[in-house]
Amino acid sequence: MEVKKAVIPAAGLGTRFLPATKSMPKEMLPLIDRPVIQYVVEEAIASGIDDILIITGRGKRAIEDYFDNSPELEMHLQQHHKEALLKQIQDISSMVDIHYIRQKEPKGLGDAVLRAEKHVGDDPFAILLGDDIIVNDVPCTRQLINVFQKYRCSVLAVEQVPDHKVSSYGIIKGKPVEDGLCTLEDIVEKPPLEQAPSNMGAIGRYVLTPEIFDCIKQTKRGAGNEVQLTDGIRLLKGFQKVYGFSFHGRRYDTGDQVGYVQAIVEFALNNPELRENLLEHLKSLVK
Ligand code: UTP
């Protein structure tokens, strides 16, 4: 069975970027010339997804506007013969079928995912967090779908996280199955370093079976007084196998200030039109 649907939760408050996120979704913060969420949507499409549900909330209208048609802007670009830009703008609105649903209150990632239950139905589906970007030739979501197709079980992308970050992640205890793949024996949200079962953290990519919805419904508020997806997965792995997969690729956590700046600098250095000027400027700063 192909995984064709994806859910992109983007209803979080983004408090780490206040005050910028007071009136602007953090998913709309630009990486050079396009917002973070565009990279996430492009990853989903490149992975074979053809139906995307974005979970939005109060103050997130800019996301819907971004993926919508913009007739006035398009007419302006046409009149001023800016064909290349016009094509870019039109491509954005015709990328894929995007649906929206609102999470009335940001009660946590688990609660945000639960909003997708009706839309997802009985199919396995992908989740891509709206502020995590992963760069690789084979998109991370495609890698997870490939694992899903082989084992027919839920799978989450994991990576080693530094000690000082362990208490910010869902941390897994895994039993190796093959190179880069383990079965989940446990998963704990934001454990103190001393109590963490490992330093392998779940990052923002998942392929889950629809049974996750019932598991989330049974989940009480956990870390940070939020309904945690991690706690739902913990229940799920009690009656279905769940895998952790060490994905290939470079990840940027753009919901974090340092991660965001790293992404901008690295993306600019990879852009031939920007690279030389930026390098010169950076060198002048450290002289
Ligand atoms: P984060 O843990 O990054 O939380 O959420 P946040 O609220 O967005 O940001 P900070 O920590 O306050 O700065 C991880 C993902 O889950 C979504 C976010 O939009 C982000 O993509 N999320 C989180 C929701 O959709 N709803 C929620 O209630 C919480």
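Reckoned from all heavy atoms, side chains included, excluding hydrogens, waters and symmetry mates. For ligands, and for the atoms within them, numbers begin at 1 and follow the listed sequence.
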Contact residues of ligand 1, where a non-hydrogen atom lies under 4.0 Å away: Pro9, Ala10, Ala11, Gly12, Leu13, Gly14, Thr15, Arg16, Lys26, Glu27, Gln103, Pro106, Lys107, Gly108, Leu109, Ala112, Leu129, Gly130, Asp131
Test item: Lys237 side-chain N/O and Tyr243 main-chain N/O as donor-acceptor pair under 3.5 Å: no
Side-chain cluster (under 4.5 Å, hydrophobic types only) that Leu285 belongs to, other residues: Val261, Val265, Leu269, Leu278, Leu279, Leu282
Heavy-atom donor-acceptor pair, Lys4 side chain to Gly48 backbone, under 3.5 Å: yes
Any donor-acceptor N or O pair under 3.5 Å, side chains Thr230, Gln228: no
Under 3.5 Å, side-chain donor or acceptor atoms of residues 165-172 against the rest of the protein: list the pairs with distances, not counting sequence neighbours.
unit_1: Lys165; atom_1: NZ; unit_2: Asp256; atom_2: OD1; d: 3.4
unit_1: Tyr169; atom_1: OH; unit_2: Arg251; atom_2: NH1; d: 3.0
unit_1: Tyr169; atom_1: OH; unit_2: Arg251; atom_2: NH2; d: 3.0

Of all pairs that satisfy side chain to side chain donor-acceptor pair (under 3.5 Å), the ones with a partner from residues 104-113, not counting sequence neighbours: Gln103-Asp111, Asp111-Arg115
